[in-house]
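A quick write-up on the structure given underneath.
Quick note on labels: first sequence line is chain A, next is B, and so on, each numbered from 1.
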Amino acid sequence: MKKIMNNPGRIVDEMLDGMAFAYDSIVERIPETKVIHRKHEKNGKVGLVSGGGSGHEPAHAGFVGKGMLSSAVAGQVFTSPTPDQVLEGIKAADEGEGVFLVIKNYTGDVLNFDMAKDLAELEDIEVESVVVDDDIAVEDSTFTAGKRGVAGTVLVHKILGAAAEEGYSLKELKDLADKVVANLASIGLSLKPATNPEVGKPGFELAADEIEFGIGIHGEPGYRREKLQPSKDLAAELVNQLKKEQNWSAGDSYALLVNGMGATPLMEQFVFMNDVKKLLSEKEGLELSFRKVGDYMTSIDMAGVSVTLLKLEDPKWIEYLNAPVDVIGW
Amino acid sequence: MKKIMNNPGRIVDEMLDGMAFAYDSIVERIPETKVIHRKHEKNGKVGLVSGGGSGHEPAHAGFVGKGMLSSAVAGQVFTSPTPDQVLEGIKAADEGEGVFLVIKNYTGDVLNFDMAKDLAELEDIEVESVVVDDDIAVEDSTFTAGKRGVAGTVLVHKILGAAAEEGYSLKELKDLADKVVANLASIGLSLKPATNPEVGKPGFELAADEIEFGIGIHGEPGYRREKLQPSKDLAAELVNQLKKEQNWSAGDSYALLVNGMGATPLMEQFVFMNDVKKLLSEKEGLELSFRKVGDYMTSIDMAGVSVTLLKLEDPKWIEYLNAPVDVIGW
Amino acid sequence: MVEIESLKKWIELYGEKVTENKEHLNQLDSDIGDGDHGSNLTRGAAAVKEKVSESEYENLSDFFKDIGMTLVSKVGGASGPLYGSAFISMAKQAKESDDLAVLLEAGLDGIQKRGKAEAGEKTMVDEWIPVVEALKENNLTNKVIEDSLQKTKDMKATKGRASYLGDRSIGHIDPGAQSSAYLFESLLEAGVLNG
Amino acid sequence: MVEIESLKKWIELYGEKVTENKEHLNQLDSDIGDGDHGSNLTRGAAAVKEKVSESEYENLSDFFKDIGMTLVSKVGGASGPLYGSAFISMAKQAKESDDLAVLLEAGLDGIQKRGKAEAGEKTMVDEWIPVVEALKENNLTNKVIEDSLQKTKDMKATKGRASYLGDRSIGHIDPGAQSSAYLFESLLEAGVLNG
Ligand SMILES: Nc1ncnc2c1ncn2[C@@H]1O[C@H](COP(=O)(O)OP(=O)(O)O)[C@@H](O)[C@H]1O
Ligand SMILES: Nc1ncnc2c1ncn2[C@@H]1O[C@H](COP(=O)(O)OP(=O)(O)O)[C@@H](O)[C@H]1O
Ligand SMILES: [Mg+2]
Ligand SMILES: [Mg+2]
Ligand SMILES: [Mg+2]
Ligand SMILES: [Mg+2]
């Protein structure tokens, strides 16, 4: 394992310190916690909190700031944060109008955030939440922990962040969140596994000419391995999976996110975007009203990409996606 | 070589198309050229043009837009663009007040941009330029092609971009550029070499436990190889080199950029920033008035980081660094 | 009736076993999860050790509560709230009973209330259920512990991270069941039952 | 006096050699540069071939100018403007002379004006200088070409990308000298000198 780090056990702490130092006009680290909180002054709006295991940078702390998250809670690498930490995030975010939690659908996150919710209610903070489960690589059945939460979560942060900034109530945010999540679908692929610094070796193995479709952002298994193939064929496979999931009609308006997994050069991400565009826009006739490319929800040093499509049921969502923010990573 | 691409020979074209599609509110690709141009309407200011070989994304096209570059010219991967292409970039950028070129110091770039300058003058466009040579890993002597231009170039783009936006004349920009470049120093290290898609194999080799100090952004050789070591020791080595170069006094004001090489997770970059901070701010007492962390001047899929320090001779430069921009990659 | 001293011993042994077998637990979790179960619990064990060694306990309930809260706040992931809930639930029960079978049954109940897993879903629950049964009948042995553990091998995971693997989860021991097996082995080794 | 037909042959052969030896040139450039010299020139050769085969030339100057401009606009890197300047300079000279030695001397001059390299700096110039000398004395042979090429091996690069290596550039043939050697080998093979 070749990584720029000191002690793997302290990597999250040092990262949070580095972040708070580098961007001290936008965020601060709440002392003795793993919470990154925005410096934006409180003005009686609903607080928005997210978080999860570390290793997905810039998610989630990179989205803390005016117009997006109020606080982000970081767990150990690939490990959900604990309820006491989430509670600190909630307390920091609370401006008297309640706090909304954006949780990615993993057993650990759901359990820890739920416990935090209970603790916050004991402190008289009203809390609502949404569980994002956009990864269509996983079947949503009683035989699984449900679809995973992946890169689409970032679009949820953005839309809810703009709505909260606009003054949405907790109840209104919950309705909006449910609608957004219902219209969200993502799917990814990997060329090279990630190495968790605490584990010291890659989370899985891929042959030199192999790729895996449907991989999760913690290296959870995908649905198929194949030989490496041209970008346009990779794009076609992911787009087909999304098509099976969503009911596309030509002219429908969608937001499109091409997300890099952490070690994928932007050059490749843009090439991939070009192929996705041909399929979605030229072939399927979708209206891609919002588009974004880059590293947003990564998996440490995994090489790969994911594609997220959000059906823009409400044109207001485009406004929310385009609304200005003051954060590190958007 | 495992890359998301179609035809290595067309990778730059497809990347530019993907970029222009994804961010069509900010930039456009000038048809039949390798020029990315901003959509921002012309308003009689000096145009700012940069570019160079591809593979450094988001540089340079990612910095095109209001407040930064007017156009960026992309060469093949790691190969300077040709004069006719640079000329197209100059013509697009010209708003009647002349065009300023930011050139990284490589023989190829200098020769090609110089030829373009001659061509532009034939078309009655006044052109000035600066050659950025911030890489202190290379000796600046008559026995070398001079110091290389690396990540510090991005700070030059930012400062000149803000000054151009403010209405600086060509002459004023030239004076400013010379001053900024004189105060700029960068140095990098690599953990893993880059693979040029047209070449198909890594540009150099590093053992599993080896790192190289002073590496260039095209994989040019550094000044020493050592065993992998903790982030704080890596930081100490780079900071020491910078200290030898610049005359630091406690309280002096500097801009600090920690730049990722393309395949370095943000987590590691922030950990590294934390170590650099301890040395520069806590130990040396420098005032780090501007700080930034992330992938700005990459080397395809190289793993590594560089540190750039710009002595802020003029407090106005901080304003320029913080001025708002509408670009893809800042 | 159990003594706090022997329980301290139990928890200490458990922490040692988890720490010694950190890599093994990580490996089991790599096979069907994300490879951190050993790291998670080792972090928890260190914190529990510090907490417990610093404190004097007058009653069982406080002892279990400290362990539970420490696990909840140090482990994270899925196993943190689950083990935490087990001990918090045991703390509640300890106000009414000091029978180990009754206590551990409450612990199991805490896990199931939190995680909603039933028998056969290839989770730690599949280690706890037979152990609690055996305790009730007063015949907990290493064989019971080991047999239940091995049985998780043939199960298909339908809860937790391993459920993403579907059929491919079959053939692997569940990491949470393995760490729970360490918990119960330590119980026997600490001599709590002879107490 | 040289004939356009044999010059076309020359340039064609040069293009073929560069293309066949693309990997070799890339390898030489990997050793002391950035590994793209073969790719750069192959791209240029293909463009020159297309350009030249499409056109009829009435005079030498137009022929050289087309080659020069095509190289400048297709090759990029350091070698593009340098080879381009060589041919553009030859185009200028061709208006006054059709003596090959005079033309190539003008080419060398173009390279040196643009790149500022002197003899001994381990660049293509170290291949051009002895070849131009030999041409003037009417005794250009493959041996001259090969000997000059080999001499670049012992030189320390002080211009271009290889200069970053300092002493470590010693022991490697300069890629630009190698591609120039192909240019002059092709000249002999095409029989331009016998024309
Ligand atoms: N719903 C659940 N109920 C009971 N146990 C569960 C449940 N989900 C997961 N587990 C247990 O948790 C273990 C994994 O814990 P750990 O690796 O620490 O957490 P994570 O999966 O978040 O990385 C599994 O092996 C399983 O025994
Ligand atoms: N200043 C110079 N004068 C003459 N030739 C040069 C000079 N700089 C570089 N070269 C030649 O260019 C060759 C490298 O060309 P190439 O690899 O295509 O460009 P780049 O170095 O930009 O990648 C070198 O081998 C050398 O012969
Ligand atoms: Mg985990
Ligand atoms: Mg090159
Ligand atoms: Mg796990
Ligand atoms: Mg080269």
Side-chain angles (χ1 to χ4, degrees), chain A residues 8-9 34 52-55 73-87 106-116 119 135 137-139 141-148 193-205 214-223 299, chain C residues 22-23 25-27 29-44 46-47 68-85 88 110-111 113-118 120-124 156-169 176:
Chain A
K34 303 230 154 64
S54 292
V73 191
Q76 297 293 319
V77 179
F78 285 0
T79 301
S80 163
T82 55
D84 55 313
Q85 295 297 310
V86 179
L87 177 64
Y106 298 95
T107 305
D109 291 69
V110 171
L111 296 182
N112 284 290
F113 277 75
D114 272 357
M115 287 183 90
L119 296 175
D135 189 351
V138 176
E139 243 183 302
S141 77
T142 48
F143 299 114
T144 66
K147 290 186 294 163
R148 301 176 293 233
T195 298
N196 183 331
E198 287 211 59
V199 178
K201 60 184 176 48
F204 55 96
E205 271 167 42
I215 203 94
I217 56 171
H218 310 91
E220 296 96 341
Y223 60 85
S299 179
Chain C
K22 176 178 153 185
E23 296 307 328
L25 289 170
N26 279 344
Q27 185 54 54
D29 196 29
S30 286
D31 293 340
I32 57 170
D34 60 351
D36 61 0
H37 189 57
S39 305
N40 291 345
L41 288 187
T42 301
R43 193 167 53 241
M69 295 302 284
T70 305
L71 290 174
V72 163
S73 68
K74 292 297 169 191
V75 176
S79 57
L82 290 166
Y83 271 115
S85 296
I88 290 170
I111 295 174
K113 280 228 172 81
R114 177 81 34 216
K116 310 277 184 297
E118 302 295 330
E121 300 206 80
K122 196 180 185 109
T123 70
M124 56 174 71
K156 173 172 154 180
T158 52
K159 279 282 184 307
R161 218 177 272 277
S163 69
Y164 304 136
L165 279 166
D167 288 337
R168 283 176 288 164
S169 68

Is [X] in contact with chain A via its backbone, its side chain, both, or neither, using a 4.5 Å heavy-atom distance?
X: C:Ala162; value: neither
X: C:Lys74; value: backbone
X: C:Ser85; value: side chain

**Request:** Check the surroundings of atom NZ in A:Lys147: do more than 12 heavy atoms from other residues, nucleotides or ligands lie under 6.0 Å from it?
**Result:**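 Yes.
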
Report the distance from atom [atom1] of [X] to atom [atom2] of [Y], rounding to the nearest 0.5 Å.
X: C:Asp34; Y: A:Tyr106; atom1: CG; atom2: OH; result: 10.0 Å
X: A:Leu111; Y: C:Arg114; atom1: CG; atom2: CZ; result: 6.5 Å
X: A:Phe143; Y: C:Asp167; atom1: CZ; atom2: CG; result: 11.0 Å
X: C:Ser73; Y: A:Leu87; atom1: OG; atom2: CG; result: 11.5 Å
X: C:Thr42; Y: A:Glu198; atom1: OG1; atom2: CD; result: 9.5 Å
X: C:Met69; Y: A:Thr82; atom1: CE; atom2: OG1; result: 10.0 Å

**Request:** Heavy-atom distances under 4.5 Å only: say whether A:Gln85 touches chain C with side chain, backbone, both or neither.
**Result:**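 Neither; nothing under 4.5 Å.
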
**Message:** What part of A:Asn112 gets within 4.5 angstrom of chain C, counting heavy atoms only: side chain, backbone, both, or neither?
**Reply:**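 It is both, since atoms from each part get that close.
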
**Asked** Given the options C:Gly77, C:Ser79, C:Gly84, which has more heavy-atom pairs under 4.5 Å with chain A than any of the others?
**Response**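 The answer is C:Gly77.
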
**Pick from C:Ile32, C:Val75, C:Leu165, C:Asp31 with the largest number of heavy-atom pairs that fall under 4.5 Å of chain A** =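 Counting heavy-atom pairs under 4.5 Å, the top option is C:Leu165.
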
**Prompt:** Looking only at heavy atoms, which two atoms of C:Arg161 and A:Phe78 are closest? And how far apart?
**Reply:**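 For C:Arg161 and A:Phe78, the tightest heavy-atom pair comes out as NH2-O, 4.1 Å.
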
**Request:** With a 4.5 Å cut-off on heavy-atom pairs, point out which of A:Pro83, A:Gly216, A:Gly203 contacts chain C the most.
**Result:**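 Most pairs with chain C among the choices: A:Pro83.
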
**Message:** Quiz question: by atom type and distance under 3.5 Å, do the side chains of C:Gln27 and A:Lys201 form a donor-acceptor pair?
**Reply:**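 Side chains of C:Gln27 and A:Lys201: pair found under 3.5 Å.
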
**Message:** With heavy-atom distances below 4.5 Å as the criterion, would you say the side chains of C:Asp36 and A:Gln76 are in contact?
**Reply:**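 Not touching, per the 4.5 Å side-chain cut-off.
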
**Message:** Using only atom types and a distance under 3.5 Å, with no angle test, would you say the side chain of C:Ser163 pairs donor to acceptor with the backbone of A:Ala145?
**Reply:**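 The answer is yes, because a donor-acceptor pair under 3.5 Å joins these two groups.
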
